[in-house]
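For reference, the structure discussed in these notes is given below.
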Amino acid sequence: MAKNQKSYTPEFNQQIIDLYNAEGTSYPQLEREYGVKRSTISGWVKQLSPIKVSEDESATLKEFRALGKEIQRLKIENEILKKSTAIFAKEQ
């Protein structure tokens with residue numbers, strides 16, 4: 001993190017996102033009221049706003065990306081296990 005870069009608590013981030021999503025407060029208004037740059041607010045909204053996955057479930061973009069990485073890791077592990085099983089089967 002840069003030396004002079006401000007950091008905000010997750011609770012503050014969520015409060016700003018809730019004001020934008022639920023109450024319809026605009027970026028310029030949030031920028032004026034809270035002193036946070038528009039690009040920062042936009043990034044929070046993109047990363048942390050819920051995305052409807054199904055009728056019952058929703059996830060944030062951050063969670064969705066984490067799940068994608070986990071799926072890739074599990075696919076690689078699965079391939080390794082398949083290859084090792086084949087190697088051990090040949091030995092017996």
Expected list for residues 55-67: side-chain donor-acceptor pairs under 3.5 angstrom, two or more places apart:
| residue | atom | partner | partner atom | Å |
| --- | --- | --- | --- | --- |
| Thr60 | OG1 | Glu63 | N | 3.1 |
| Glu63 | OE1 | Thr60 | N | 2.9 |

(message) Main chain of Ile80, side chain of Ser84: is a donor-acceptor contact present, judged purely on distance under 3.5 Å?
(response) yes
From [X] atom [atom1] to [Y] atom [atom2], the distance as rounded to the nearest 0.5 Å:
X     : Y     : atom1 : atom2 : value
Leu30 : Glu23 : CG    : CD    : 9.5 Å
Glu77 : Lys82 : CD    : NZ    : 13.0 Å
Glu79 : Ile76 : CD    : CD1   : 9.5 Å

(request) Could you tell me which non-hydrogen atom of Leu81 sits nearest to which non-hydrogen atom of Thr85, and how far apart they are? (result) O-OG1, 2.7 Å
(request) Identify the two heavy atoms, one from Pro28 and one from Arg38, that lie closest to each other, and give their separation to 0.1 Å. (result) CG-NH2, 3.7 Å
(message) Arg32: which residues meet the salt bridge (charged side-chain N to carboxylate O under 4.0 Å, His left out) condition with it, sequence neighbours left out?
(response) none
Give the table of side-chain donor-acceptor pairs shorter than 3.5 Å for residues 8-19, with sequence neighbours excluded, one pair per line with atom names and distance.
| residue | atom | partner | partner atom | Å |
| --- | --- | --- | --- | --- |
| Thr9 | OG1 | Phe12 | N | 3.1 |
| Gln14 | NE2 | Asp18 | OD1 | 3.0 |

(request) Check whether any side-chain heavy atom of Val45 lies under 4.5 Å from a side-chain heavy atom of Tyr20, and answer yes or no. (result) yes
